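Report on the structure given below.
For this chain, numbers begin at 1 and follow the sequence in order. As the structure lists them, so they are numbered: ligands from 1, and atoms in each ligand from 1. Just so we're clear, the structure is a prediction, and the values are computed from it rather than from any experiment.
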Amino acid sequence: MPKRLVGVVMGSASDWDVMKAAAEQLRAFGIPYEARALSAHRTPEALERWIAELEQKGAACFIAAAGGAAHLAGVVAAKTTLPVLGVPMPSKHLQGLDSLLSMVQMPKGIPVATFAIGEAGAANAALFAVAMLAVADEALATRLMGFRTDQAEKVIATKLPD
Ligand code: RP5
């Protein structure tokens with residue numbers, strides 16, 4: 001069975017420093033992805049073309065990150081019925097609270113699964129994509145379980161300073 005692709009899109013190349021956490025997590029699980037900087041406002045036509053292209057390539061879902069007005073994930077969700085996982089980016093003046101509140105307020109009927117602001121949200125969106133793909137991929141489910149076990153072992157082995 002060919003591996004399903006994840007589309008990773010961000011409103012600006014300035015989001016990459018945070019969003020590389022999603023790419024790293026996908027890579028760690030061997031999930032193919034295509035990452036692009038495309039904006040709901042600055043490049044709407046190119047965004048629409050890219051979404052259609054990814055659907056053609058058999059994408060399983062999209063991870064969409066944006067800051068401030070943060071309409072990107074909502075616009076992606078308007079253009080595809082594939083699951084859209086939104087990651088609010090930290091912003092200069094409001095530390096990403098603006099991005100979070102904007103992204104989470106989707107109108108009834110067009111959902112965006114919204115994650116935490118910043119790096120934790122980026123990594124968790126990727127892990128959520130892995131979990132969705134693992135529903136139909138037993139080997140991937142086993143690797144995800146292994147990741148959780150390793151993580152738990154690290155927490156338990158951590159010694160606090162005296
Ligand atoms: C948003 O505006 C982007 O997603 C980014 O988080 C923010 C700032 O973008 P730049 O001005 O750095 O391109 O659209």
Side-chain angles (χ1 to χ4, degrees), residues 2-135 140 143-144 147-148 151:
K3 287 220 167 158
R4 303 279 304 273
L5 186 70
V6 174
V8 180
V9 63
M10 58 215 80
S12 168
S14 66
D15 297 323
W16 175 247
D17 244 12
V18 174
M19 286 311 292
K20 66 185 184 209
E24 279 161 12
Q25 200 63 86
L26 291 171
R27 266 203 302 274
F29 280 93
I31 306 295
Y33 65 89
E34 197 175 305
R36 292 287 298 273
L38 288 167
S39 161
H41 303 120
R42 292 162 170 163
T43 65
E45 293 88 4
L47 174 64
E48 199 173 339
R49 282 197 299 273
W50 181 75
I51 294 165
E53 207 180 291
L54 268 267
E55 281 185 327
Q56 289 264 308
K57 288 180 180 171
C61 65
F62 288 91
I63 296 175
H71 292 145
L72 181 63
V75 170
V76 176
K79 294 289 177 189
T80 183
T81 54
L82 291 172
V84 178
L85 317 180
V87 187
M89 291 294 94
S91 55
K92 193 170 166 190
H93 299 293
L94 296 170
Q95 289 74 51
L97 187 58
D98 46 352
S99 325
L100 172 67
L101 294 179
S102 175
M103 200 173 272
V104 84
Q105 293 291 343
M106 287 298 292
K108 185 178 175 188
I110 306 290
V112 167
T114 303
F115 289 80
I117 299 166
E119 204 178 303
N124 275 349
L127 285 170
F128 199 88
V130 170
M132 286 196 297
L133 290 164
V135 169
L140 189 59
R143 290 180 67 187
L144 184 54
F147 167 86
R148 292 279 184 100
Q151 184 170 250

Original post:
What distance do Ile31 atom CD1 and Arg4 atom CZ have between them, rounded to the nearest 0.5 Å?
Top reply: 11.0 Å
**OP:** May I ask you to identify, for Arg42, whether its side chain, its backbone, both or neither come under 4.0 Å of ligand 1 on a heavy-atom basis?
**Re:** side chain
Original post:
Any side-chain heavy atom of Met19 within less than 4.5 Å of one from Ile63?
Top reply: yes
Original post:
In terms of residue, atom name and distance, what is the protein heavy atom nearest to atom 13 (O) of ligand 1?
Top reply: Ser12 OG, 2.7 Å
Subject >> Atoms in ligand 1 flagged as close to Ala66, the criterion being non-hydrogen separation under 4.0 Å >> reply: 4 (O)
**OP:** Check Ser14 against ligand 1 and report side chain, backbone, both or neither, counting heavy atoms closer than 4.0 Å.
**Re:** side chain
Original post:
Ignoring hydrogens and geometry, is there a side-chain-to-backbone donor-acceptor pair from Ser99 to Met89 under 3.5 Å?
Top reply: yes
Original post:
atom 3 (C) of ligand 1: which protein heavy atom is closest, and how many Å away?
Top reply: Asp15 OD2, 3.4 Å
Subject >> Among Gly67, Gly11, Ala64, closest by any non-hydrogen atom to atom 1 (C) of ligand 1 >> reply: Gly67
**OP:** Inspect the contact between Glu53 and Lys57 and indicate whether a charged nitrogen and a carboxylate oxygen are less than 4.0 angstrom apart.
**Re:** yes
Subject >> Approximate separation, where rounding is to 0.5 Å, of Leu140 CG and Met132 CE >> reply: 11.5 Å
